[in-house]
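This is a predicted model, so every value here is computed, not measured. Letters go in sequence order (proteins before strands), and every chain restarts at 1. Side chains included, hydrogens not; waters and symmetry mates left out as well; all remaining heavy atoms used.
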Amino acid sequence: MSAPTLDRSATGSPDEATLQEQFDATIAADRRIEPRDWMPEGYRKTLVRQVAQHAHSEIIGMQPEGDWLLAAPSLRRKAVLLAKVQDEAGHGLYLYSAAETLGADRADLTDKLIEGRQKYSSIFNYPTPAYADVGVIGWLVDGAAICNQVPLCRSSYGPYARAMIRVCKEESFHQRQGYELLMTMMRGTDEQRAMVQDAVDRWWWPSLMMFGPPDDESPNTAQSMAWGIKRHTNDELRQRFVDMTVPQAQALGVTLPDPDLAWDADSGHWRFGAIDWEEFRRVLAGDGPKNAERIARRRAARDDNAWVVEAATAYARKHERGAA
Amino acid sequence: MHEETVYDALTNAHGEAGHWAFGTGFDDPLAGVDTTVPDGIDPADLGAYCLMLGDDALVLAQRLTQWITRAPELEEEVAIGNIALDLLGQARLLLARAGSVGVLGRSREQATATIPDEDALAYFRDVDEFRSTALVAAPDADFAQAVVRLVAASTVRLAVFTRLRSSRDPVLAAIAAKGVHELAYHRDHAARWVLRLGDGTEESHRRARSAVEAVWPLLADLFTATDVEERLAAAGVAVDPAAVRDEVRDVLTQVLERATLPVPAWPAGAPPRGRLGEHGPELAELLGILQGLARQHPAATW
Ligand SMILES: [Fe+2]
Ligand SMILES: [Fe+2]
């Protein structure tokens, strides 16, 4: 992996001090850092990790819902779901491209994902046993993703910010489509209503965990906020999501599985119960219901088709030479 | 984009309906189209013909969809998604057209009245009522088979749709006019892969070659007209499949030659079994997965 930066060996040299000053000024003025600009190594590394993890989440996130593509219960639902899963592949592509502007390499990042050296959002390690899960994922998981990602449209790193603008627009379609499926199912049979409630019961807490650990256990947040690659703390975003979602649940006619959920008129927020962070850590550490299966499929897509990629490379090389 | 407007749009989720992804709207796919059958055309024949073309598209879309999350590259996930969405769109229009002329087979014995025609036909017909060919139903063992089958199927379909643009049925003509652009892209996309695989590495050449050997026999029944097609072709509504055979053979031969792949002998013509509802076990299996959930909940609305 080669990074297109200036020589970074002379740490503390006047040159680097000047560059650091310029970088700090850019951040302070809320302007964008672009790929050719100098940036501190910590900034680059943190960004590569964040963007890669985001890209991996988009790609692994295709699987839980993708499992329903073949069995979607109407042709229209099949088209909606196929378009959504395809969008997620597109999101993965933009994000890997953004990571490549930082000197990373897509194939290398994919290897790191498969070898467990980089993470993806642990929400995608939960199973999707019912079609209602497709609607609930759109509503809650895409909904939580939007809350996380809208602020990133103002990320200090230009390519990431621009990718996020496009991604967020599409995520908001996904959220509406998911919610609309649930509305339709709630108007259907008793069995369908029960399916929706059951799916909400299973996905509510994991979707709150999507915002990451609480602020007092999130040591990197302060540095990321200072660098402008994070705009709000985990707890702020989680609260925003809850406040947005509770009225939607009421309109839908489902109960959120939290007896402590209550409106707090003083603060103007919905208060919610304690999150089981033990489960979060367990799933993140690889012990979720579907971790092994998700990675196995990604590995199979890479390994079973390696001969295809080799063929495309060999063909391109031959025909490049032929043309020259 | 301002942060606030995005959040606003989310909380007002029902304000506007104009933001659904392409091809995923609620509308009756034939809304606003004059579905009157032109004089002298037998609606039963027209509907049966639409099922042939629609079922091919539906079954091939389903086969392609099996590659999603399993494709060689992310770019290919997107491309396969596009192609499957196009075919699904064609299937929906054609099945809706069959329904609009009253051709619903036995589907309405099981499908409740709230289920639209396209879904009644897709989800509640039994396998012997399907009119697709063996070419689209065959499972693909590897990516080479997927792209060799796709180049064959889209070459045939493009040749048919090109002619159908002047069908006397205005609905078919409109579906074909839109479809030719899609199919030209499908064919070129698949052909480019066949070139890369045929002229890539030793292994890819070997795999492409076995794919061709597996797919070519499936071309045998594609160019034999059924009675329905003969009558409709004579009436200027359908295309006689025999009329496109030479063109298809020329195109496919050219693709294989450029891909440095041996061109197998063209298979002798066979009776159009699939078009008459005779299918192998692979179609029953595919339909079992496609239809399972919808049939478990026949009273549900999705
Ligand atoms: Fe996404
Ligand atoms: Fe999404």
Side-chain angles (χ1 to χ4, degrees), chain A residues 59 62-63 66 69-80 82-87 89-90 92-93 96 131 143 146 150-151 153-154 165 168-169 172-173 175-177 179 181 184-185 187-189 191-192 240 244 247-248 297 300-301 304-305 307-312 314-316 318, chain B residues 1 3 6-7 9-11 13-14 19-26 58 61-62 65-66 68-75 77-78 81-82 84-85 88-89 91-92 95 115-116 118-119 122-123 142-144 195-197 199-201 203-205 207 289-290 292-294 297 299-302:
Chain A
I59 298 307
M62 294 166 71
Q63 292 185 28
L69 280 171
L70 297 175
S74 77
L75 296 184
R76 176 176 167 266
R77 290 294 171 200
K78 192 190 280 287
V80 168
L82 187 49
K84 176 186 175 175
V85 172
Q86 185 197 33
D87 282 349
L93 273 172
Y96 285 122
Y131 203 76
I146 296 162
V150 166
C153 298
R154 296 189 297 119
I165 289 172
C168 281
K169 282 184 188 163
S172 85
F173 297 154
Q175 206 224 9
R176 289 171 194 215
Q177 286 167 335
Y179 192 70
L181 168 61
T184 308
M185 290 184 71
R187 287 193 299 262
T189 61
E191 222 177 349
Q192 285 184 292
R240 192 167 208 170
M244 193 177 91
Q248 294 173 349
R297 192 189 301 183
D304 297 353
N305 294 307
W307 66 273
V308 177
V309 179
E310 281 159 23
Y315 180 87
K318 270 187 219 176
Chain B
M1 176 194 292
E3 201 174 312
V6 179
Y7 284 122
L10 281 178
T11 29
H14 311 291
H19 291 285
W20 304 99
F22 173 75
T24 54
F26 290 103
L58 177 61
Q62 189 80 350
T65 300
Q66 289 180 311
I68 301 292
T69 72
R70 295 182 169 85
E73 294 173 340
L74 297 182
E75 287 82 353
E77 298 275 357
V78 175
N82 272 330
L85 274 169
L88 195 54
R92 292 180 65 189
L95 297 184
I115 294 177
E118 60 177 66
D119 290 330
Y123 291 91
D142 65 6
F143 189 69
L195 297 194
R196 288 187 201 110
L197 300 185
D199 194 14
T201 62
E203 178 180 9
S204 70
H205 181 87
R207 285 177 182 261
I289 295 168
L290 188 147
L293 177 63
H297 303 275
T301 37
W302 305 97

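- Not counting sequence neighbours, the partners of Ala314(A) by the side-chain contact (heavy atoms from CB on, under 4.5 Å) test are Thr201(B).
- Only the side chain of Val85(A) comes within less than 4.5 Å of a heavy atom of chain B; its backbone N, CA, C and O stay farther away.
- Looking at Ala71(A), the atoms closer than 4.5 Å to chain B (heavy atoms on both sides) sit in the backbone and in the side chain alike.
- Not a single donor-acceptor pair under 3.5 Å links the side chain of Asn305(A) to the backbone N or O of Glu73(B).
- Applying the side chain to side chain donor-acceptor pair (under 3.5 Å) criterion to Arg196(B), with sequence neighbours excluded, gives no partner residue.
- When each of Ala301(A), Ala89(A), Ser74(A) is checked for heavy-atom pairs under 4.5 Å with chain B, Ser74(A) comes out on top.
- When each of Lys78(A), Gln192(A), Arg76(A) is paired with Trp302(B), the side-chain contact (heavy atoms from CB on, under 4.5 Å) condition holds for Gln192(A) and for no other.
- Ranked by heavy-atom pairs shorter than 4.5 Å toward chain B, the options Ile59(A), Leu93(A), Asp304(A), Val309(A) are led by Leu93(A).
- Taken from CD in Gln86(A) to CG in Leu85(B), the straight-line distance is 5.5 Å, to the nearest 0.5 Å.
- Rounding to the nearest 0.5 angstrom, the gap separating the CG atom in Leu70(A) from the CD atom in Gln66(B) is 5.5 Å.
- Your options are Gly66(A), Pro247(A), Ala316(A), Ala72(A), and the one with the most heavy-atom pairs under 4.5 Å with chain B is Ala72(A).
- The distance from the CG atom of Leu293(B) to the OH atom of Tyr131(A) is 8.0 Å, given to the nearest 0.5 Å.
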